[in-house]
Amino acid sequence: MTMTTIGIIGGGQLGRMLAMAAARLNYRTIILEPQLDCPAAQVANSQIVAAYDDPTALERLAAECDVVTYEFENVPVSAAEALALTVPVYPPPKALEAAQDRLVEKRFINECGIPTAKFHTVDSQADLDAALKDFGGQGVLKTRRLGYDGKGQKVFRSSADSADGAYAELGSVPLILESFVAFEREISIIAARGTDGSIACYDPAENVHRDGILHTSTVPATISDATATAARKAAEQILSTLGYVGVIGIEFFALADGSLIANEMAPRVHNSGHWTEAACVISQFEQHIRAVAGLPLGNADRHSDCVMQNLIGDDILALPDWFKRRNTLVHLYGKTESRPGRKMGHVTTLTAK
Ligand code: AMP
């Protein structure tokens with residue numbers, strides 16, 4: 001049977017960009033998302049308006065699609081597994097499982113032979129006090145689940161920072177204390193694996209965050225060839241171990257000696273890969289669609305250097321200036337209301353050829 005319809009769970013900007021890439025290759029897309037007129041549904045063929053774990057909606061999605069993918073990592077694993085009984089679900093649900101809980105994620109990454117920050121699980125204030133003591137009063141406390149863009153985190157820079165009440169402050173939920181990594185820069189790699197097991201990696205991007213949210217991604221990153229190769233090898237190892245299909249984003253801390261510490265992985269297209277739509281022939285979005293549709297992966301080489309910048313909240317007011325710039329690709333997400341911290345769009349400027 002020829003594949004015609006791709007289901008996408010989640011209706012945000014990542015789903016929107018996947019639907020646009022799919023349309024260019026003649027695939028229809030159906031978005032499962034509770035919010036009406038979401039960014040993805042504006043450009044897709046149709047939307048099922050329901051919760052991500054609504055059994056009737058999932059049944060409909062399975063019946064109407066040839067393959068189902070997702071645009072965010074907090075899709076309930078049970079929903080993905082139920083779907084996978086009747087329709088291929090890519091990336092595989094076990095990738096979701098590995099990415100949803102920071103403890104499971106770190107253990108998995110370490111099992112792949114890739115270093116992470118040291119960590120302790122924290123399930124009480126007493127656990128936190130003991131964990132901080134072990135790390136000399138320094139560390140980053142994070143919720144194990146549902147954290148994003150620096151939310152659900154607390155940084156302890158020295159033993160002078162009080163931890164009193166911090167466990168309750170983060171919601172008295174399962175936490176993890178990570179050792180504080182004195183990194184030189186943050187990089188990420190976007191990579192893809194096809195149904196035939198082939199792997200394509202984009203060049204690592206150097207990322208700058210502001211208030212916990214990605215601000216810019218610059219390519220090439222100021223790292224050595226050896227560090228770039230290490231990032232590629234780590235991505236290949238993770239993709240192969242998971243029997244992965246689709247695009248993954250993996251974030252790393254690069255230390256002064258060039259070594260890498262993995263921070264987290266996202267089993268989906270990634271904000272730090274948006275630059276690929278301007279600086280590569282095949283964007284991460286088309287690459288993901290190719291992978292889940294069983295097509296050959298495309299060329300991930302970069303034809304230009306570039307800087308991608310997120311337009312967050314009122315950054316959108318500078319749009320008239322961005323439109324005047326030569327070699328800048330503007331991409332807007334169809335969100336009518338701007339709020340502080342809300343991703344409204346992004347711009348990618350080619351800086352060299
Ligand atoms: P995350 O939500 O894990 O991506 O963390 C958000 C940001 O916090 C990262 O991009 C880093 O800038 C910083 N951060 C997270 N974990 C650590 C750590 N263990 N050591 C130092 N900085 C960190």
Side-chain angles (χ1 to χ4, degrees), residues 12 14 72-74 96 98-110 114-122 127-128 131-161 163 166 169-171 173-190 204-218 221-223 227 231 234-235 238 248-257 259-275 308-310 312 341 343:
L14 301 179
F72 71 115
E73 60 272 37
N74 289 317
L96 276 177
Q100 282 179 356
D101 179 327
R102 290 186 191 272
L103 175 66
V104 179
E105 182 179 44
K106 283 204 166 40
R107 285 185 174 149
F108 167 74
I109 291 173
N110 289 159
I114 302 159
T116 60
K118 285 186 266 171
F119 55 91
H120 285 295
T121 54
V122 170
D127 282 355
L128 175 58
L132 269 173
K133 199 167 167 212
D134 187 47
F135 291 159
Q138 282 192 324
V140 183
L141 186 64
K142 303 180 179 179
T143 54
R144 277 172 52 181
R145 289 179 168 273
L146 299 173
Y148 68 101
D149 285 347
K151 292 188 173 62
Q153 297 194 13
K154 195 167 167 62
V155 181
F156 300 95
R157 293 190 188 278
S158 77
S159 43
D161 289 350
E169 209 180 295
L170 264 69
V173 292
L175 305 175
I176 190 168
L177 182 77
E178 296 179 9
S179 58
F180 191 84
V181 180
F183 57 82
E184 192 175 62
R185 58 190 88 249
E186 292 186 80
I187 67 159
S188 60
I189 191 158
I190 309 298
E206 182 164 339
N207 302 321
V208 173
H209 294 84
R210 271 194 193 164
D211 303 324
I213 305 177
L214 183 66
H215 174 51
T216 56
S217 292
T218 302
T222 31
I223 53 173
T227 302
I238 287 173
I248 196 168
I250 307 167
E251 295 180 82
F252 298 91
F253 302 125
L255 308 188
D257 67 1
S259 61
L260 289 176
I261 303 257
N263 178 27
E264 59 183 10
M265 61 185 205
R268 53 169 169 79
V269 287
H270 195 259
N271 194 168
S272 69
H274 290 1
W275 63 272
M308 187 284 310
Q309 183 179 323
N310 272 335
I312 294 167
K343 291 175 180 167

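Whatever order the structure lists them in is the order used to number ligands and atoms, beginning at 1.
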Pairing residues for Lys133 by the side-chain contact (heavy atoms from CB on, under 4.5 Å) criterion, not counting sequence neighbours: none

In Å and rounded to the nearest 0.5 Å, what is the [atom1] to [atom2] distance from [X] to [Y]?
X: Phe183; Y: Ile261; atom1: CZ; atom2: CD1; result: 11.5 Å
X: Glu206; Y: Ser272; atom1: CD; atom2: OG; result: 12.0 Å
X: Asn110; Y: Phe119; atom1: CG; atom2: CZ; result: 5.5 Å

Option nearest atom 15 (C) of ligand 1 (shortest heavy-atom distance, choices Glu251, His209, Glu178, Lys142):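 Minimum heavy-atom distance to atom 15 (C) of ligand 1 goes to Lys142.
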
Closest to atom 11 (C) of ligand 1 among Glu264, Arg102, Glu186 (heavy-atom distance):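 Among Glu264, Arg102, Glu186, the closest heavy atom to atom 11 (C) of ligand 1 comes from Glu186.
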
Could you say whether the N/O atoms of Val181 and ligand 1 ever approach to under 3.5 Å?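 Yes, Val181 has an N/O under 3.5 Å of an N/O on ligand 1.
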
Test item: Ser179 side-chain N/O and Lys118 main-chain N/O as donor-acceptor pair under 3.5 Å: yes

Counting each atom of ligand 1 from 1 as listed, which ones have a heavy atom of [X] under 4.0 Å away?
X: Ser179; answer: 18 (C), 19 (N), 20 (N)
X: Phe180; answer: 20 (N), 21 (C)
X: Phe183; answer: 12 (O), 21 (C), 22 (N)
X: Asn263; answer: 1 (P), 3 (O), 4 (O)

Checking side-chain hydrogen bond (donor to acceptor under 3.5 Å, both in side chains) against Glu264, which of Lys106, Arg102, Lys142 comes through? Arg102

Counting only heavy atoms closer than 4.0 Å, does ligand 1 sit against the backbone of [X], its side chain, both, or neither?
X: Asn207; answer: neither
X: Ala182; answer: neither
X: Val140; answer: side chain

Can you name the nearest heavy-atom pair linking Leu141 to Leu170, along with the distance? O-CD2, 3.9 Å

